[in-house]
Amino acid sequence: AVPLSDFWCENLSRENMVVTTGRFAKDKRQLSQIGIAQHLPDFDFHIFGFSGSSNYFQKCRDYIKVNQIDNVYLHPDASFSEMVECLQRAKYFLHTLINEPFGLTAVQAMAAGCIPVVHDSGGQVEAVPVSNLRYSKFEQVPGIFHNLDSLARKDIDMIRSQLQSHVRSQYGEPIFDSKIKSELIKVLA
């Protein structure tokens with residue numbers, strides 16, 4: 001179950017921010033996120049993650065410095081509350097892991113009111129039911145953000161509302177409890 005109440009926000013006033021979450025690691029592709037940010041200078045990118053002991057975080061930091069990228073903000077080992085607060089202010093969420101079994105962070109972001117843009121693979125296909133919010137190549141991502149940003153406010157608010165209804169109906173704790181009990185009964189019967 002996703003503890004939706006920890007993230008839930010219906011605030012429609014959003015900042016031109018893209019948030020990503022996940023440990024700093026090559027498979028999470030934060031360097032790709034930073035590359036996408038270079039093509040979207042009108043958006044602030046906030047990248048949250050555990051920095052751990054790998055040198056990947058330092059590679060990200062060095063890339064930003066060497067390329068003088070001023071719209072990317074790294075948040076290594078940030079508190080849960082700091083991450084949630086940023087998600088609740090942001091317009092968008094970006095997820096770059098390919099073939100993730102289940103898109104927990106995308107569900108959390110939608111609960112917080114972000115419009116997710118995710119890879120068209122794995123559990124993201126189920127978690128994010130709107131095909132226009134999924135991409136197959138990283139080169140498509142800037143165009144998706146530009147298209148979203150060109151929508152009328154009422155249209156983007158409608159998408160946000162539909163996504164929040166989706167996560168509430170599919171991933172909330174009561175739904176999870178009901179589904180897991182059903183599966184356990186099948187196994188135990």
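Please read these numbers as outputs of a predicted model, since none were measured by experiment.
Not counting sequence neighbours, Tyr63 has no partner by the ring-ring contact (aromatic ring centres under 6.0 Å, His included) test. When the ring-ring contact (aromatic ring centres under 6.0 Å, His included) test is applied to Phe57, the partners found at least two apart in sequence or on another chain are Phe24. The ring-ring contact (aromatic ring centres under 6.0 Å, His included) test applied to His146 returns no partner, not counting sequence neighbours.
Sorted by first then second residue, the salt bridge (Lys or Arg N to Asp or Glu O under 4.0 Å) pairs that include residues 8-18, not counting sequence neighbours, are Glu15-Arg89. Sorted by first and then second residue, the salt bridge (Lys or Arg N to Asp or Glu O under 4.0 Å) pairs involving residues 121-145 (not counting sequence neighbours) are Asp120-Arg134. Legend: salt bridge (Lys or Arg N to Asp or Glu O under 4.0 Å) pairs involving residues 30-41, not counting sequence neighbours: none detected. Screening residues 59-80 for salt bridge (Lys or Arg N to Asp or Glu O under 4.0 Å) gives no qualifying pairs among residues at least two apart or on separate chains. Judged as a ring pair (Phe, Tyr, Trp, His ring centres under 6.0 Å), the pairs with a partner in residues 109-129 (not counting sequence neighbours) are, in order, His119-Tyr135.
Looking at Ser81 and Glu85, their side chains never bring a donor and an acceptor atom within 3.5 Å of each other. When only modelled atom types and interatomic distance are considered, Tyr92 and Asn16 share no side-chain donor-acceptor pair under 3.5 Å.
Other cluster members for Val187: none, since no ILVMFWY side-chain heavy atom sits under 4.5 Å from it. Hydrophobic side-chain contacts under 4.5 Å tie Met83 into a cluster, directly or through other members, with Phe7, Met17, Val19, Phe48, Phe80, Val84, Leu87, Phe93.
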Donor-acceptor pairs are to be reported for all side-chain atoms of residues 99-108 against protein atoms at under 3.5 Å, with residues two or more places apart or in another chain.
unit_1	atom_1	unit_2	atom_2	d
Glu100	OE1	His95	NE2	2.9
Glu100	OE1	Gln124	NE2	3.0

In residues 157-164, what donor-acceptor pairs under 3.5 Å come from side-chain atoms, sequence neighbours left out?
unit_1	atom_1	unit_2	atom_2	d
Asp157	OD1	Arg160	NH1	3.0
Asp157	OD2	Arg153	NE	3.1
Arg160	NE	Gly113	O	2.5
Gln164	NE2	Cys9	O	2.9
Gln164	NE2	Met110	O	3.4
Gln164	NE2	Ala111	O	2.8

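Shown here is Phe50, whose CZ atom has no more than 12 heavy atoms of other residues, nucleotides or ligands within 6.0 Å.
Checked against the 6.0 Å centroid threshold, His166 and Tyr171 count as a close aromatic pair.
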